[in-house]
Amino acid sequence: HHVTKATEEDPYHSRLPDVAEIRPRQDPVVWGDDSEKAGPFSRKELEFYKTNGYIVVEGLFDVHEIKTCRERFTSLRDTFEEDMESNKQEYIDTGKYVCVSEPGSTKIKSIYSTHKFLPVANQLSRDRRIAGRVQQILDSDVYIHHSRVNFQQAVKGSGFYWHSDFETWHTEDGMPRPRSMSCVVLMANNLPQNGALMVIPGSHKHYIVCKGETPENNWLGSLQDQYTGLPNHQALSQMVKEGGIHYCTGEAGSVIFFDCNLLHGSHTNISPWDRTNIFLAYNSVDNRLVAPFGPPKPRPEHVGTRDPAWVQPIIPLDKPTEY
Ligand code: 6CS
Ligand code: FE
């Protein structure tokens with residue numbers, strides 16, 4: 001009976017041994033008072049975001065800015081890839097960056113925490129074109145929950161199965177409410193052919209309680225390939241029946257903004273074109289992490305920051321100097 005009690009107290013409780021269900025979302029998507037919303041997003045764009053759970057803004061960054069950022073990211077990747085290959089590792093923690101390979105390979109899938117140590121990434125995370133829009137949607141000051149450069153490399157990129165980020169962030173990181181969102185800055189053209197992000201429009205209005213307890217130290221493997229906290233076939237069918245599946249395609253320089261509880265995924269990149277993106281997860285300062293709602297031990301700093309220095313409000317940057 002402890003199990004029933006936990007779900008009643010926590011509207012977003014997930015990963016019990018025997019509960020799989022779809023619950024209504026208990027919180028807003030666009031926060032604050034609609035009538036007073038001024039900012040970079042128009043009313044119409046906010047309405048689209050509220051209904052669909054995502055929006056793509058084309059050409060938010062120009063080609064020169066993106067080229068500079070992409071070169072920095074790929075040279076960082078190439079440095080670590082040499083280490084991965086020579087040491088036959090699938091995981092590198094330098095004390096600053098954390099690099100994760102594709103499952104069963106030494107090709108780099110993601111590099112975490114670039115916003116903390118790489119100047120271009122730090123400025124991107126604070127750029128007003130992004131941070132101003134995030135503040136508008138979340139109606140508060142914000143900080144970065146985690147960041148990663150996702151390399152969906154040509155031929156080798158493996159993608160991710162359908163999931164809600166918030167399901168993991170709530171259960172494993174102790175994020176109280178879905179007052180959080182992500183921005184994906186496209187560093188290469190994203191096409192269906194090279195594994196563009198897929199979303200299920202409208203799915204963010206439902207909370208899918210996933211069956212199955214979280215294994216110990218789940219986080220490590222889950223960054224390569226997620227097996228826990230996944231919607232079952234029935235939930236997936238229902239969400240797709242209601243909202244369909246949309247490819248968030250766009251040219252380099254476009255930005256995808258999406259709600260933390262939107263179901264999304266991507267498939268294998270067997271094309272000859274790299275798909276390089278930076279993923280920035282923002283959280284409201286009024287929604288900082290507490291103890292995890294699932295397993296007792298929270299995930300490490302690079303996936304859910306608790307460092308007092310990094311949970312401070314971002315001050316939007318108007319004139320980036322690094323790109
Ligand atoms: O680990 C995270 O925080 C994010 N990444 C994955 C693969 N799943 C959960 C969440 O989206
Ligand atoms: Fe995700």
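The figures here come from the full heavy-atom set of this structure, side chains too, leaving out hydrogens, waters and symmetry mates. Each ligand, and each atom within it, is numbered from 1 in the order the structure gives. One is the number of the first residue; the rest follow in order along the sequence.
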- request: Answer side chain, backbone, both or neither: which part of F160 comes under 4.0 Å from ligand 1, heavy atoms only.
  value: side chain

field: Geometric cation-pi criterion, R133 with F41: 6.0 Å, 45°
entry: yes

message: My understanding is that only one of I55, I137, V30, D259 makes a side-chain contact (heavy atoms from CB on, under 4.5 Å) with K50; could you say which?
response: V30

task: Please could you name the atoms of ligand 1 that L223 approaches to less than 4.0 Å, counting only its heavy atoms?
output: 1 (O)

Donor-acceptor under 3.5 Å (D83 side chain, N87 main chain): no

- prompt: Cation-pi between K156 and F151: NZ/CZ under 6.0 Å from ring centre and within 45° of the ring axis?
  reply: no

task: Examine the proximity of ligand 1 to D173 and report which part, side chain or backbone, both or neither, has a heavy atom under 4.0 Å away.
output: neither

- prompt: Given D165, D225, T228, L230, which has its nearest heavy atom closest to atom 10 (C) of ligand 1?
  reply: D165

field: For S222, the ligand 1 atoms whose distance to one of its heavy atoms is below 4.0 Å
entry: 7 (C)

query: Are Y49 and F258 close enough that their ring centers fall under 6.0 Å?
result: no

message: Less than 4.0 Å is my threshold; does some heavy atom of E167 fall inside it relative to ligand 1?
response: no

- request: Consider every N or O of R299 and every N or O of ligand 1, then say whether any pair is closer than 3.5 Å.
  value: yes

query: Above 12 or not: heavy atoms from other molecules or residues under 6.0 Å from CD of E85?
result: yes

- prompt: Are there more than 12 heavy atoms of other residues, nucleotides or ligands under 6.0 Å from atom CD of Q26?
  reply: yes

query: If the Fe ion (ligand 2) is the vertex, what is the angle to NE2 of H163 and NE2 of H264, rounded to 10 degrees?
result: 90°

Nearest-contact summary for atom 9 (C) of ligand 1 - protein heavy atom, Å: T168 OG1, 3.3 Å

Residue selection (non-hydrogen contact nearest atom 5 (N) of ligand 1) among Q226, R148, H163, H264: R148

- prompt: If you look at D165, which of its N/O/S atoms is nearest to the Fe ion (ligand 2)?
  reply: OD1

Among R70, R77, K107, the one residue meeting salt bridge (charged side-chain N to carboxylate O under 4.0 Å, His left out) with D274: R77

